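Counting begins at 1 with the first residue of the sequence. The figures here come from the full heavy-atom set of this structure, side chains too, leaving out hydrogens, waters and symmetry mates. It should be emphasised that the depicted structure is a prediction, and the values quoted were computed from it without experimental measurement.
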Amino acid sequence: MQYTKLVVVLLILTVFSVNAQQKIKTKISRKVPKISLAISGGFGYVLSSANGEGKDFSSSYNTPNGNLFDARNLGMQQGYGVGVTAKFVVSRNKKLSVTGTTGYNLFYNSEDRGMNRTKWNIINLGAGVEYNFTPKQRESLFIGADLNYNLMFGAWQSNITYPDGYKSNIYTKFKPASRLGMSVTTGMQFKLNRRADFFVALKGVWVNLIPKQNYYTNESYSTYINDSGSSNGIELNGRKEIIYLQVVAGVNLPLRY
């Protein structure tokens, strides 16, 4: 499965990073802040069954129970995001921190001069832990994990053909959906000066771990994301897993020593 591949990739990268970290030798140490704030930006790409093209829109209209979005994917591909993470050191050796994160990601996919396009907004709030292997050195490896609350909403513009053969270009909005997810991060941090550290990282995010739900709607050009294979008596062709890899870079600013 796609998310299994994601976990394997992250584990391999972490092992290589640990080996690289063990080879770093430096006699220079630095003071580790008790509280810090990380500000980052990144580029992400969807790997899972949510990945698709703008031409893949599918919906069943005027069924006995209403309209039903039944596409196999969400038309998602590449996207950009920003995030802010507060870190609080909780161990005496300064290696373990608890974290609180907020972020925003935009996934935009456009084809045929915008006639077939999708736009997805994901706002997240998370809490987790981060482990820094050598926090007092100028270069250090860190890994982290978070549990996230995700609010996602978007829209899909696409050419469609109705059952009677009539063709049209429609713009359909997706109702906001709340999902619980998780993320895993591995990266390297480099000291810039007394006021800031620079870091680069690879982040794997699973947006819609639970719950997954399907619904009909009676509203025109408005629908639910319907990411469950089977929910509320609605059977679809598999689940839509929203999983993406993101390359992240940013600065870590000390707030309190």
Heavy-atom count around Tyr221 OH within 6.0 Å, excluding the residue itself: above 12? no

Does any part of the side chain of Phe107, heavy atoms only, come nearer than 4.5 Å to the side chain of Thr118, both counted from C-beta? no

Lys55/Glu53 salt bridge by N-O under 4.0 Å criterion: no

Are Arg179 and Pro211 close enough that some pair of their side-chain heavy atoms sits under 4.5 Å apart? yes

Any link between Leu37 and Phe88 through a network of hydrophobic side chains (Ile, Leu, Val, Met, Phe, Trp, Tyr) touching at under 4.5 Å? yes

Mutual orientation of the aromatic rings belonging to Phe69 and Phe57 [parallel < 30°, tilted 30-60°, perpendicular > 60°]: tilted

Value rounded to 0.5 Å, distance of OG in Ser158 from CZ in Arg117: 11.5 Å

Are Gln213 and Asn232 linked by a side-chain donor-acceptor pair shorter than 3.5 Å? no

Going through the checks in order, is the side chain to side chain contact (heavy atoms under 4.5 Å, CB included) test met by Trp120 and Ile225? CA-CA 11 Å; Trp120 287 99; Ile225 69 171; 3.6 Å; yes

With a 6.0 Å cut-off on ring centres, are Phe133 and Tyr131 close enough? yes

More than 12 heavy atoms of other residues, nucleotides or ligands under 6.0 Å from OH of Tyr257: is that the case? yes

If I take atom CD1 from residue Ile160 and atom OG from residue Ser58, how far apart are they, to the nearest 0.5 angstrom? 9.5 Å

Should Leu147 and Met182 count as side-chain neighbours, where that means a heavy-atom distance under 4.5 Å? yes

